[in-house]
Engineer: 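I have a structure I would like to understand better, so I am pasting it below and will then ask my questions one at a time.
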Number of protein chains: 2
Amino acid sequence: MSGNVSTPGASVVSRVLAVLYAFDNGHRRLGVTDLARRADLPVPTVHRLLRELVAGEALTRDAEGRYAIGRRLWDVGMLAPEQTELQQVASPFLSDIHAATRATVHLAVRDGREVLYLDRLSGRASVPVVSRAGSRLPLHATGVGKVLLAHAPAELRDDYLAAELRRPTVHTIIHPERLRRQLAAVRREGYATTEDEMTLGACSIAVPILRRASADGVPEVAAALGIVVPTLKRERTRLLAALQVAARGIGRSLP
Amino acid sequence: MSGNVSTPGASVVSRVLAVLYAFDNGHRRLGVTDLARRADLPVPTVHRLLRELVAGEALTRDAEGRYAIGRRLWDVGMLAPEQTELQQVASPFLSDIHAATRATVHLAVRDGREVLYLDRLSGRASVPVVSRAGSRLPLHATGVGKVLLAHAPAELRDDYLAAELRRPTVHTIIHPERLRRQLAAVRREGYATTEDEMTLGACSIAVPILRRASADGVPEVAAALGIVVPTLKRERTRLLAALQVAARGIGRSLP
DNA sequence: AGCTCGCCTTTCACTCAGTGAAAGGACACT
DNA sequence: AGTGTCCTTTCACTGAGTGAAAGGCGAGCT
């Protein structure tokens with residue numbers, strides 16, 4: 001007995017996706033064996049798929065023989081309507097905030113239990129920031145994350161608070177009740193802040209972007225807008241005002 | 001005789017890519033039949049592939065049953081190292097230019113015979129601009145395009161000039177010899193300009209970003225940096241200075 | 001109603017594209 | 001020479017993928 005002993009539920013399409021999804025932010029360039037391990041597929045199978053993907057310009061192969069996501073796939077990704085429409089509408093407003101504050105500006109949405117960053121304008125390099133467009137961070141440790149969590153469906157919020165919370169720094173709030181009270185305050189006050197909770201030396205302030213209600217009913221939180229600064233001590237009021245003006249502007253421009 | 005009569009050279013991988021590549025900027029949401037037509041595949045085949053791609057979260061399906069690029073693929077695309085590394089390094093410099101000029105700022109590379117826009121910061125809405133990150137435009141009709149064409153391999157340049165040139169506006173320069181002289185000037189002066197050549201009412205000015213030579217030899221043009229403004233009449237010198245400072249900064253920061 | 005057109009979906013017999021264990025190379029380090 | 005790691009190729013087997021044909025569904029027209 002030899003030949004094909006393929007595991008059930010393994011179509012070529014799912015294998016291709018497994019290979020593509022094997023790349024992540026810390027692993028942008030991978031060899032055949034690594035990819036096979038990460039995608040949980042036999043090496044020769046991955047090898048063949050990679051050859052075809054490179055031929056189709058979906059992946060590139062560098063001088064050391066390692067594979068990476070290629071230009072064509074980058075292109076294709078830029079066509080994702082849900083991410084890019086919001087990003088495009090928000091772009092000039094992000095620039096305005098950036099010009100007014102010189103801080104790092106973030107546009108983010110909630111994707112399940114994570115913040116997904118859609119766009120970022122870097123500020124002065126003095127503030128350490130880990131995010132980039134496409135990266136994901138925990139909801140409870142960032143300004144935009146707290147805004148999105150505060151306005152998430154109550155069920156998901158309870159669920160999230162019930163689980164063990166990650167703790168990127170010693171200042172990260174992981175006590176469920178304390179976090180719950182903070183989220184209530186975020187809803188009440190209309191903005192969220194963090195101090196050293198994701199990265200030491202970085203504070204943030206963030207507001208929701210409201211999409212006007214479709215027919216009747218309440219407006220929906222479509223995204224969050226935030227900035228990262230070295231300290232919130234002095235400028236809190238001015239920064240908040242800039243964010244709120246922009247958030248209102250973006251909300252009004254949404255389809 | 002019935003059953004499979006599949007055309008040669010049609011692997012599942014190539015079919016999947018054909019489906020993905022069937023999306024473009026003007027066609028972000030497509031139905032099964034349209035996709036089949038655009039990918040040149042039988043409808044049932046496309047239907048099956050789409051189901052698997054949606055199951056794998058690569059595509060989404062909206063209320064009207066139309067398909068679009070999904071969040072996961074957007075994510076994956078953001079991992080393309082060649083596009084995002086440059087974009088990330090350039091980002092703060094783009095912000096600087098934007099702050100200094102309030103104009104639309106572009107970062108672009110050459111992809112074959114087209115300009116590929118990696119990033120854009122929108123300026124005041126008064127200037128019409130068609131580009132966005134991920135879009136492609138003809139090399140000879142934009143500022144960044146002329147810079148990239150001027151520094152492209154001589155062979156490609158000759159080839160490009162020999163072909164029929166598209167003419168987005170009546171001001172687009174399509175006369176080969178006139179364009180050739182302009183490109184020589186771009187190399188000599190270190191910058192390119194356009195006036196109403198891509199879009200009426202939009203002028204642009206652009207400079208090359210030089211990657212310092214790997215060991216010896218001459219530096220290589222890695223990308224182009226440009227801005228779009230309503231008119232170049234007055235500010236040309238100031239705008240050019242801002243661009244050159246930024247381009248030098250980006251070049252120095254490149255790996 | 002009845003008819004037509006366009007689009008989406010399902011079926012199903014056929015078969016070839018895809019499979020992966022095994023073997024063969026190419027390095028690097030010991 | 002010996003061992004480990006990674007990349008690549010081979011090849012007999014077979015079930016995953018195929019696509020013509022048929023079945024639905026809804027919109028528009030007479």
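Note on naming: letters A, B, ... go to the chains in the order of the sequence lines (proteins, then strands), and numbering restarts at 1 for each one. As the structure is a prediction and not an experimental result, all values here were calculated from the model.
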Engineer: Check this one for me: any side-chain N or O of R15(B) less than 4.0 Å away from OP1 or OP2 of dA16(D)?
Structural biologist: no
Engineer: Need one value for R66(B): base, sugar-phosphate or nothing, where a base atom within 4.0 Å counts as base even if backbone is also close, heavy atoms only.
Structural biologist: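 No contact at all - R66(B) keeps every heavy atom at 4.0 Å or more from the nucleic acid.
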Engineer: How sharply is the helix from dA1(C)-dT30(D) to dT30(C)-dA1(D) bent, taking the axes over five pairs at either end and rounding to 10 degrees?
Structural biologist: 40°
Engineer: Nearest whole angstrom, please: distance from the P of dG18(C) to the CG of L49(A).
Structural biologist: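 After rounding, the gap between these two atoms is 9 Å.
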Engineer: Would you jot down, in residue-number order, the residues of residues 33-48 of chain A having a non-hydrogen atom under 4.0 Å from DNA chain D?
Structural biologist: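 Of all residues in residues 33-48 of chain A, the ones placing a heavy atom under 4.0 Å from DNA chain D are T33(A), V43(A), P44(A), H47(A).
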Engineer: Report the C-alpha distance between V32(A) and Y67(A) in whole Å, list the side-chain angles of each, state the deciding distance to 0.1 Å, and finish with yes or no for side-chain contact (heavy atoms from CB on, under 4.5 Å).
Structural biologist: CA-CA 8 Å; V32(A) 179; Y67(A) 296 85; 3.7 Å; yes
Engineer: Count the heavy atoms belonging to other residues, nucleotides or ligands that lie under 6.0 Å from CG of D40(B), then report whether that count exceeds 12.
Structural biologist: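 Result for CG/D40(B): open.
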Engineer: In this structure, how many angstroms lie between the C1' atom of dC8(C) and the CZ atom of R61(B), rounded?
Structural biologist: 8 Å
Engineer: Which comes earlier along DNA chain D counting from the 5' end, the contact point of V12(A) or that of R51(A), where each point is its nearest nucleotide?
Structural biologist: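 Result of the comparison: R51(A).
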Engineer: Strictly below 4.0 Å, N to O, side chains only: are D75(A) and R72(A) in salt-bridge contact?
Structural biologist: no
Engineer: Examine distances only and state if a side-chain atom of R15(B) and a backbone atom of A10(B) form a donor-acceptor pair shorter than 3.5 Å.
Structural biologist: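 A pair under 3.5 Å: yes.
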Engineer: Taking only the side-chain heavy atoms of V32(B) (C-beta and beyond), determine which of dT9(C), dT9(D), dT8(D) contains the nearest atom.
Structural biologist: dT9(C)
Engineer: Under 6.0 Å from the six-membered ring centre of Y117(B) and within 45° of its axis: does the NZ or CZ of R136(B) meet both?
Structural biologist: no
Engineer: Counting neighbours of CZ on R166(A) that are heavy atoms of other residues, nucleotides or ligands and sit closer than 6.0 Å, is the number greater than 12?
Structural biologist: no
Engineer: Whole-Å distance between dC7(C) P and Y67(B) OH?
Structural biologist: 15 Å
Engineer: Are side-chain heavy atoms of H27(A) and D24(A) found at a separation under 4.5 Å?
Structural biologist: yes
Engineer: Could you tell me whether K146(B) and E197(B) make a salt bridge, using a distance below 4.0 angstrom between a side-chain N and a carboxylate O?
Structural biologist: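 Salt bridge: yes.
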